[in-house]
2 protein chains.
Amino acid sequence: MAYIEHGLAMTGARASAARTESLVADGHKSDIESTWHAFSHSARVRTQRLDQHSVVFYEGDTANRVFEVIDGAVMLYKLLPDGRRQVVDVIGANDVFGLPRGLTHDCNAETLTKVTLRVFDRKDTETRVEVQGHINRCLMAQVEKLHDHAVLLGRKSAFERVASFLFRCIPDCKTDDCDGSGVHKCSSSNMITLTMTRQEIADYLGLTIETVSRVISEFRRKGLISLEKQDHIRINSLCGLCRMTGAH
Amino acid sequence: MAYIEHGLAMTGARASAARTESLVADGHKSDIESTWHAFSHSARVRTQRLDQHSVVFYEGDTANRVFEVIDGAVMLYKLLPDGRRQVVDVIGANDVFGLPRGLTHDCNAETLTKVTLRVFDRKDTETRVEVQGHINRCLMAQVEKLHDHAVLLGRKSAFERVASFLFRCIPDCKTDDCDGSGVHKCSSSNMITLTMTRQEIADYLGLTIETVSRVISEFRRKGLISLEKQDHIRINSLCGLCRMTGAH
DNA sequence: CGCCGTTTTGACACTTCTCAACTTACGTGG
DNA sequence: CCACGTAAGTTGAGAAGTGTCAAAACGGCG
């Protein structure tokens, strides 16, 4: 399986830029070049590496490829005409994105980290059974994640949103692991490395950058977390944070 | 194909009740009784009718059936432990629901109207290819709808949310039909019959019942809409309302 | 006709946003 | 290696939007 390095990655529509510029459908060039290679079962599949902050596709682009994240994270977001942005999903390893209802993508896709993707021809996803089953499971998981996120956006306070977000970032640890008893089952290092900027977090949580910053500072003052660096957060009280998510 | 009338439908967890009572996983009884009938291709399928405000399933219930709406509307919602509710989706005709990532349902399902459902055995949806393709398309559409709803919940004002909601309720009319020119392509009657109570609308839009009421009153004062009855709304200015959705 | 649940309206409180200034972190070039 | 410039993040004060609580109005149904 050939890895295709390409040095074309330009810095895509960044957070700050996205706030002010409204991106219109035409005249865009995503950071993915189409160099297809034959694959097993006569399907066209390839693996692709992208730098951080690369654009995979724009809203409105014709959707003829489907992507699976092998490694790294991809952010999906939508823009309102006046520049307001909402990050609608963050796609991690083993998850799929770029599946449209119609002919075009409904949102923009941008890498949050260095990313390795598996790229499928869209037609194959519609004809090959084993791929369909996989996509099906990914879509169901995505729907559930979006349901949870709707609860977060519609009903949770800023504190609860940030706490939920930080929790989500702890590797191998879910809110379900906490039963409110004060003892956590997960034994991770409780060390988070954020791949998103404050602006991206804010746009994901439906808040402003200032509110996110204030809440994180407040958590720090309360001793729940410590900031080793701006994007390196240590969770001091897993249960203390968990109690603030609103899920218990 | 046999329609099975059943008179067992009790009034499920209603909006007001759901606000105060937290629903725990055990001891529930949904309004659907399992009477399976043999169907073509050796799959177990049946058609079922339910009254308004019937419970299809609860969050945490074992998910061994998948549902397709033939006629009517079903509401999916989640509850936080303190009673806050978020309606995560409203499922209309030809759409599918009850597809879980794991073994149990991630949300509650309740009918908004009299509903006719087609009920599948879950195993069939995993093995039969023609069903998978259909489910796949439904899931993709659902993901896009949830993306849109995330934008609404995360980035739109109360006015924009209610305007977007009313627009969504106009049959055969989408926000895309409006280009801001003042002329609307869709030629519907501009008459809406709401199937949701104010509480349900509020829980769908991430607002309070009072805010929803106030916004509707304000739209009425501005002449954008008229209320023939509380749940019968006439849209006087389609474009005026459209301009308030934030989508243009 | 009167009751009860839903909706509307009002006054006020509180959360979050906005705007502005300041601080910190990071990369470049001297 | 340090100084500088720029971008990112933090903090503060005030404004705006939405929530909360309470009361009144409305609508459906016995």
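Predicted model only: the values in this text are computed from it and were never measured. Letters A, B, ... are given to chains in the order of the sequence lines, protein chains preceding strands, and every chain is numbered from 1.
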Over how many whole Å does the gap from [X] atom [atom1] to [N] atom [atom2] extend?
X      : N      : atom1 : atom2 : answer
B/K156 : D/dG17 : NZ    : C1'   : 17 Å
A/E200 : D/dA7  : CD    : P     : 16 Å
B/D231 : D/dC26 : CG    : C1'   : 13 Å
B/K229 : C/dT6  : NZ    : C1'   : 14 Å
B/E160 : C/dC17 : CD    : C1'   : 14 Å
B/L207 : D/dG19 : CG    : C1'   : 10 Å
A/D203 : D/dA8  : CG    : P     : 13 Å
A/E228 : C/dT24 : CD    : P     : 18 Å

- Query: Are any of A/T208's side-chain N or O atoms less than 4.0 Å away from OP1 or OP2 of C/dC17?
  - Reply: yes
- Would you mind reporting whether B/H248 and B/R243 have side-chain heavy atoms less than 4.5 Å apart? no
Is a side-chain N or O of [X] found less than 3.5 angstrom from the main chain of [Y], in a donor-acceptor match?
X      : Y      : result
B/K156 : B/V151 : no
B/D82  : B/R84  : yes
A/N108 : A/E59  : yes
A/R85  : A/L79  : no

Less than 3.5 Å apart, which donor and acceptor atoms pair up between the side chains of residues 86-95 of chain A and the rest of the protein, not counting sequence neighbours?
| from | atom 1 | to | atom 2 | distance (Å) |
| --- | --- | --- | --- | --- |
| A/Q86 | NE2 | A/D203 | O | 3.0 |
| A/Q86 | NE2 | A/Y204 | O | 3.0 |
| A/D89 | OD1 | A/K145 | NZ | 2.9 |

- Task: With axes from five pairs an end, tell me the bend angle of the helix from C/dC1-D/dG30 to C/dG30-D/dC1, nearest 10°.
- Result: 30°
- Task: Report the residues that fulfil side-chain hydrogen bond (donor to acceptor under 3.5 Å, both in side chains) with B/S217, sequence neighbours left out, ordered by chain and then residue number.
- Result: none
- Message: Going by salt bridge (charged side-chain N to carboxylate O under 4.0 Å, His left out), name the pairs with one or both residues in residues 69-80 of chain B, residues two or more places apart or in two chains.
- Response: A/D148-B/K78
- Query: Could you run down nucleotides 7-15 of chain C 5' to 3' and tag each one B, S or - for protein heavy-atom contact under 4.0 Å?
  - Reply: SBBBB----
- Task: Please name all residues satisfying side-chain contact (heavy atoms from CB on, under 4.5 Å) with A/T211, sequence neighbours left out, ordered by chain then number.
- Result: A/A158, A/L207, A/T208, A/V215
